[in-house]
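Take a look at the structure set out below.
Each ligand, and each atom within it, is numbered from 1 in the order the structure gives. These numbers come from the heavy atoms of this one structure, side chains and all, not from hydrogens, waters or symmetry mates.
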Amino acid sequence: MATFDTRLSAVVGAQTASALADHLQIATVGDLLHHYPFRYAQRGDRADLNALQVGEHATVVAQVRAVNRRPMRNRRGTMLNVVVSDDNGSTLDLTFFNQPWQARYLKVGRWGLFAGKVTEFRGRRQLNGPDFRMLADDADDQENSDLIEEFAGALIPVYRATGKVATWTIARCMRIALDVLEDPADPLPVNVRRSNSLMGYGEALRAIHRPDSNEVLYAARKRLKWQEAYLLQVTLVRRKAVAATVPATPRRGRQDGILAAFDAALPFRLTDGQVTVGAELAADLSAAHPMHRLLQGDVGSGKTMVSLRAMLQVVDSGGQAVLLAPTEVLATQHHHTICEQLGALARAGQLGAADVATTVALVTGSQGAAARREAAARIADGSAGIVVGTHALLYKGVDFADLGLVVVDEQHRFGVEQRDALRAKADKPPHVLVMTATPIPRTVAMTVYGDLETSRLTELPAGRTPIKTHRVPGGDQRWMNRTWQRVREEVESGHQAYVVCPRIGDDDDESTEDGRRPPLAVMDVAPGLTDGPLSGLRVGILHGRLAADEKDRVMSEYAAGKLDVLVATTVIEVGVNVPNATMMVIMDADRFGVSQLHQLRGRVGRGSAPGLCLLVSEAGDGTPAAERLDAVASTTDGFRLAELDLEQRREGDVLGEAQSGARSHVRLLSLLRDADLIAEARVEAETTVSADPDLVKQPVLAEAVAALVDEERAQYLEKS
Ligand code: ADP
Ligand code: MG
């Protein structure tokens, strides 16, 4: 008998075992059994042979239609030409040189599995000398050739295979492994299994590899997905439960403090969402355990405002708050905005300041030594209630008098490791608020950020005109002329514009893997515009390779209206706030992701004037790239676009962003399609953990969770 840990070499032949290890990283029985089929084929499949891509290694189920043997004209020998087809009627050619005996198995009317590299010859797709196995027909297979494969049911598992290990080899190993496998202990608690009608673990493994019917297969997949989702959720829920037992200093604020003074002077009303989220944050900060919350909201939804109010509550409690931005430009800008919004409330110690006032310190890598020393002193003695900086703050010797709250702006640029480093800066862990303008689909929030509480701001403050977006055919000169003309009009009416390019240019790498021309670059586009369609306008450039003080200078000139047009890379993607900028032209827009485009266009239309975004692309109508751009043009619903984005990425990439063993653990679960299942698993996980936090009554589950956490830790160490 074998268990998951049994080495495969003890179960299948040494040669096969080493091929599996070398080519598919499969070393144990457990590895093998968790290598699930990626699809199932059947005789009479509508496989659509036409969809095969030249160059791919394909395995198809097809029926032999014609067999033709003929001598080769130029060389000695014979060529065997076989035509196979699927139920769609599309056909594929198989050619065999000098293997006349193959004809013995390839009889017209029989079904087989054919594997090989897809090539093209005279406009027809073919497999050259493919490897194959015929499917057993009841009667005439008494000879029992090893070229005839017996599959348990009508559904033939097709495995991710390589040229070295064919899918039927894997299927055969599977059968052997399942025959010797001891029934595995089930990590899913009995009650979870029962209330969700889930089959046992061993049964599910058997069924996913050798299904008798589609119904059984569906049930097996459901059960195994449940296990993936549930283990992940138990891990996250437990992490959250542990975090909730860590002591933190409650920061309850006070009635007549700086927050009250700030609110009284606000020139607008908070949106309902801001009020609700504000109350959630206020309650979290008042608790004796650290807040750990994710705030999502589209650009301009008022997150920064909400976080500033939370920071003021901490200041009112005698503590300090730090706001971390992903770039110096943003940190500087946040500092500026916060000082402006606080007005006299940020001028403690100066003549005429209210006695509830505080000061706001800025720490950046590029500031001079004197400014730096002065800021550090105010942070250390506590007179700076609010500190703004970049992540660099974590690694520079900045000491806080009493750090109570860490606000992280734009999580997608900020790793979990940095969050941890910052938490180490206080005696007791501070409260943490993570803000992101990248809308996160519900399931991703539940998995990748599943150990955080989440809040959402779903409405924009009143008085905003939604931005209009259009796709512009980049290859068409008339359209481009019109585009630049439109920029001039915008500038003539007193507004400003951005032109965004995917690349900096100059000395960066121009080679592309896919044979397309390199994407347009700031360094080429900007001079082209000033010497051409935008001549006479004040055009600045901004990109990541400029020195920090140069970046600041350009950004503040643009903010002050001294530049009309800013040609930039995605450095402007996050948080840049120039309300007078009303138009954005995105060059080679198809080179950006959907969420990124949405994020970028959020830079315009931040004031009361309507915003316009033009997506310039050479992608032809009807191509997937053009369709993506049209989707961005058709909606401003960030959550809808995030889901679209998710559809186009691989699950592993999404999960990989979390520092989580999830990546290798999740095989079947789809964050997109299994949203409901994940939500149900979350509820079950919460019930399980609240009844039995240390999982003492569920040793098998505890062990599986521990394995997941170990793997996560290993990945973390690998990364750092
Ligand atoms: P985010 O950080 O989500 O992008 P901000 O907090 O920076 O949004 O808000 C964007 C702009 O809207 C800022 O100029 C801010 O002062 C303003 N603002 C915030 N809340 C409101 C509100 N309730 N009503 C009107 N304007 C608001
Ligand atoms: Mg913001």
Side-chain angles (χ1 to χ4, degrees), residues 259 262-281 293-313 321 323-327 329-343 345-346 360 386 388 405 407-414 433-440 454-467 496 498 555 558-560 572-582 584 595-596 598-611 613 636-639 641-642:
L259 176 57
F262 177 77
D263 281 348
L266 259 188
F268 45 71
R269 286 184 44 168
L270 296 176
T271 64
D272 291 348
Q274 283 173 317
V275 172
T276 310
V277 174
E280 285 168 351
L281 297 185
R293 190 174 280 276
L294 175 70
L295 172 57
Q296 310 175 59
D298 239 328
V299 272
S301 59
K303 296 182 299 299
T304 311
M305 174 58 59
V306 168
S307 74
L308 177 57
R309 294 185 65 253
M311 291 191 265
L312 295 176
Q313 176 172 335
L323 172 61
L324 293 179
T327 65
V329 171
L330 281 171
T332 309
Q333 199 173 293
H334 271 314
H335 178 253
H336 179 80
T337 322
I338 288 177
C339 288
E340 206 169 59
Q341 282 173 338
L342 288 177
L345 293 173
V360 185
I386 296 179
V388 184
L405 169 65
V407 179
V408 183
D409 197 12
E410 308 302 352
Q411 158 73 8
H412 58 304
R413 299 281 173 95
F414 194 84
L433 175 67
V434 175
M435 302 195 289
T436 177
T438 311
I440 299 171
T454 56
S455 300
R456 276 185 175 189
L457 287 174
T458 49
E459 58 190 328
L460 295 185
R464 300 280 172 76
T465 333
I467 180 168
Q496 291 160 281
Y498 298 99
M555 210 47 233
Y558 188 70
I572 61 155
E573 181 183 353
V574 279
V576 168
N577 188 12
V578 179
N580 193 46
T582 48
M584 176 176 286
S595 288
Q596 203 176 16
H598 180 61
Q599 189 81 13
L600 277 167
R601 72 177 162 181
R603 302 299 119 214
V604 294
R606 295 175 73 80
S608 49
C613 175
T636 51
D637 180 344
F639 286 102
L641 290 173

Pair I386, L342 - check side-chain contact (heavy atoms from CB on, under 4.5 Å), show working.
CA-CA 11 Å; I386 296 179; L342 288 177; 4.2 Å; yes
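- Residue G302 approaches ligand 1 through these ligand atoms, each under 4.0 Å from one of its heavy atoms: 1 (P), 3 (O), 5 (P), 6 (O), 8 (O), 9 (O).
- Here the shortest heavy-atom pairing between D409 and A325 reads CB-CA, 4.5 Å.
- Heavy-atom proximity to R269, at under 4.0 Å, picks out these atoms of ligand 1: 22 (C), 23 (N), 24 (N).
- Taken to the nearest 0.5 Å, the CG atom of L308 stands 8.5 Å off from the CG atom of L259.
- Applying the side chain to side chain donor-acceptor pair (under 3.5 Å) test to T582 and every residue at least two apart in sequence or in another chain returns E490.
- Interface of L270 with ligand 1, defined as ligand atoms under 4.0 Å from a residue heavy atom, comprises 23 (N).
- In summary, the atoms of ligand 1 found under 4.0 Å from a heavy atom of T271, numbered by their order in the structure, are 23 (N).
- Between G297 and ligand 1, not a single N/O pair is under 3.5 Å apart.
- At a 3.5 angstrom cut-off on N or O pairs, M305 counts as close to ligand 1.
- Scanning for salt bridge (charged side-chain N to carboxylate O under 4.0 Å, His left out) contacts around R456 gives an empty result, with sequence neighbours left out.
- Per-residue contacts place S301 under 4.0 angstrom from the following atoms of ligand 1 (heavy atoms of the residue considered): 3 (O), 8 (O).
- Of all non-hydrogen atoms in V578 and Q496, the two that sit nearest each other are CG1-OE1, 4.0 Å.
- The closest approach between Q341 and ligand 1 falls below 4.0 Å for a heavy atom of the residue.
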